[in-house]
Amino acid sequence: MTDSLSYRRLLRLDGMPELMLAACLLRLAGRIFTLAIVLYVLARFDSPVLAGWVAFASLAPGLIVSPLAGAMLDRLGAARAIVVDMAVSAALVLALALVDVAAAMTEPLLLALVALYSFTSPLGTAGVRVLIPRLVPPDALDRANALDTSSYALISVAGPAVAGVLFGFAGAQVTLLAVAFLYAAGTASLVPLVRRASTGVAAATGSLTRSALQGVMYVVRSPSLRGLAISYSLFQVSWGILIVAVPVVVLNELGRGATADSLIGGLWAVSGLAGGVGAIYAAHLRTDGRERQFIAIGALATAVALYPLSASFGLVGLAAGLILVGFLEGPVDVGVLSLRQRRTDPAWLGRVLAVSMSFNMSGQPLGSAIGGIVVVLSPSLAFAIAALASVLAAIAAYLLVPAAPEREAVS
């Protein structure tokens with residue numbers, strides 16, 4: 001039976017090894033960049049507010065163009081779309097490094113390059129999640145999503161740790177060059193999958209704009225996807241605040257230097273490790289029919305981990321809070337992924353997942369902008385706002401995500 005597929009057997013399915021390798025390289029590069037760009041701004045410009053806006057710029061433009069990206073996924077095919085994202089990202093991160101080498105970096109130029117980097121990100125992010133249900137049997141979807149989520153969580157261990165150590169001991173330029181190399185390696189690793197016609201889908205035709213609007217309307221008209229967009233975007237506000245608040249709190253405690261940078265990476269690393277454990281545990285429990293409970297309970301418990309635990313007990317409390325937040329993110333993410341895939345028509349996966357995922361992630365750049373402003377005034381207030389966002393996410397999940405059939409009809 002397909003339900004008995006082990007993780008090892010899943011990785012032997014045609015196309016899965018290439019997809020998982022490319023996904024890991026894509027995410028590793030992205031995780032290193034997410035932390036490195038904040039550390040870069042704090043080191044070069046000494047401005048938490050600018051760090052928040054740069055984190056915002058690294059995500060928001062991509063979210064805005066996500067409907068067009070989803071339409072392009074249906075035309076290019078998911079594997080080709082991921083390749084486009086990684087190739088463009090490699091070029092732009094390399095440009096950032098070269099500009100810094102030339103000592104020509106300015107605030108407007110930094111924001112512009114980071115915003116351009118964001119534009120293609122929906123292709124890679126959604127492309128991975130579009131391919132998974134096309135490569136695995138339906139009954140193995142929970143386990144495949146747990147594998148995907150747990151591998152992402154493990155990347156969340158390695159990425160920040162590598163970013164902190166590289167930035168602390170080798171500097172910004174070496175760190176950015178390493179990110180560019182990872183994107184280039186990911187591009188090369190996916191070429192075999194791109195060449196397999198069996199992994200593609202028939203190219204969509206007609207107006208790109210019309211296809212993009214159809215994807216948006218599908219999400220808006222679907223009670224499940226609409227509820228997820230509201231709930232998970234609120235949950236991501238919490239994470240957006242943490243992206244800026246955690247480095248600022250550690251630097252305030254320890255001062256600038258390799259030790260502080262490495263500790264920042266280490267804190268995110270243990271949080272990611274806990275996330276992997278949480279995702280595997282969620283897959284063991286099975287989410288089918290209970291997705292919104294996983295999301296709501298996980299978000300509510302996250303609020304307690306953020307405030308008072310992370311905010312009130314120094315670096316020890318921050319470490320304990322991040323571990324708990326990471327563990328709880330695993331079940332939340334597995335619930336979101338499985339519910340979204342189960343309730344989306346397979347023929348619409350490209351357009352719908354790009355739009356839905358971007359709606360879901362829209363809270364993170366907003367949270368980063370808020371975090372950059374508020375953490376200067378009061379780190380405790382920043383954590384309290386993050387906790388409030390998670391409480392609202394739990395309420396929205398319970399009230400707005402319906403207990404619907406396996407796949408909803410959307411007119």
Side-chain angles (χ1 to χ4, degrees), residues 26-66 68-69 84-126 159-160 162-164 166-167 171-184 186 236-237 239-248 261 264-265 268 357-358 361-373 375:
L26 170 69
R27 291 162 175 172
L28 179 59
R31 287 293 292 161
I32 294 174
F33 182 81
T34 297
L35 178 55
I37 200 64
V38 171
L39 295 176
Y40 176 83
V41 174
L42 293 174
R44 291 288 190 271
F45 298 97
D46 193 24
S47 173
V49 175
L50 179 61
W53 283 113
V54 168
F56 177 90
S58 71
L59 287 171
L63 302 182
I64 293 170
V65 302
S66 62
L68 290 174
V84 169
D85 174 37
M86 289 191 290
V88 172
S89 297
L92 287 169
V93 175
L94 179 61
L96 275 168
L98 294 177
V99 171
D100 191 67
V101 169
M105 187 64 73
T106 62
E107 294 179 12
L109 180 57
L110 174 62
L111 286 167
L113 287 173
V114 172
L116 288 173
Y117 163 89
S118 170
F119 274 121
T120 61
S121 59
L123 295 175
T125 304
V162 171
L166 268 180
F167 197 96
Q173 294 163 7
V174 171
T175 305
L176 292 173
L177 289 173
V179 171
F181 172 79
L182 288 170
Y183 276 125
Q236 285 300 309
V237 169
W239 281 93
I241 292 173
L242 289 178
I243 287 172
V244 179
V246 170
V248 171
D261 292 336
I264 293 166
W268 284 118
M357 290 175 69
S358 292
M361 294 298 296
S362 62
Q364 186 169 321
L366 177 61
S368 292
I370 293 171
I373 296 170
V375 75

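When reading the values below, keep in mind they use all heavy atoms of this one structure, side chains included, and skip hydrogens, waters and symmetry mates.
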Which heavy atom of [X] sits nearest a heavy atom of [Y], and at what distance?
| X | Y | answer |
| --- | --- | --- |
| G159 | R31 | CA-CB, 4.2 Å |
| P247 | V38 | CG-CG1, 4.2 Å |
| A104 | L109 | O-CD2, 3.9 Å |
| P365 | L59 | CD-CD1, 3.8 Å |

Are [X] and [Y] close enough that some pair of their side-chain heavy atoms sits under 4.5 Å apart?
| X | Y | value |
| --- | --- | --- |
| Q364 | I243 | yes |
| I37 | L110 | yes |
| W268 | L242 | yes |
| S368 | I241 | no |
| L96 | D100 | no |
| L42 | P48 | yes |
| S89 | T120 | yes |
| S362 | Q236 | no |

Would you give the length of the straight line joining atom [atom1] of [X] to atom [atom2] of [Y], rounded to the nearest 0.5 angstrom?
| X | Y | atom1 | atom2 | answer |
| --- | --- | --- | --- | --- |
| L116 | L92 | CG | CG | 6.0 Å |
| I32 | T175 | CD1 | OG1 | 8.0 Å |
| L39 | L166 | CG | CG | 11.5 Å |

Ignoring hydrogens and geometry, is there a side-chain-to-backbone donor-acceptor pair from T125 to P122 under 3.5 Å?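 Checking the backbone N and O of P122 against the side chain of T125, no donor-acceptor pair under 3.5 Å is found.
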
Between S118 and G62, is there a donor-acceptor pair closer than 3.5 Å when you use the side chain of the first and the backbone of the second?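 Side chain of S118 to backbone of G62, a donor-acceptor pair under 3.5 Å: yes, one is there.
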
Does atom CZ of F45 have more than 12 heavy-atom neighbours, drawn from other residues, nucleotides or ligands, at distances under 6.0 Å?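 Yes, because the 6.0 Å sphere around CZ of F45 holds more than 12 heavy atoms from other groups.
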
Looking only at the aromatic ring of each residue, does the gap between the centers of F167 and Y40 stay below 6.0 angstrom?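 Ring centroids of Y40 and F167 are no less than 6.0 Å from each other.
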
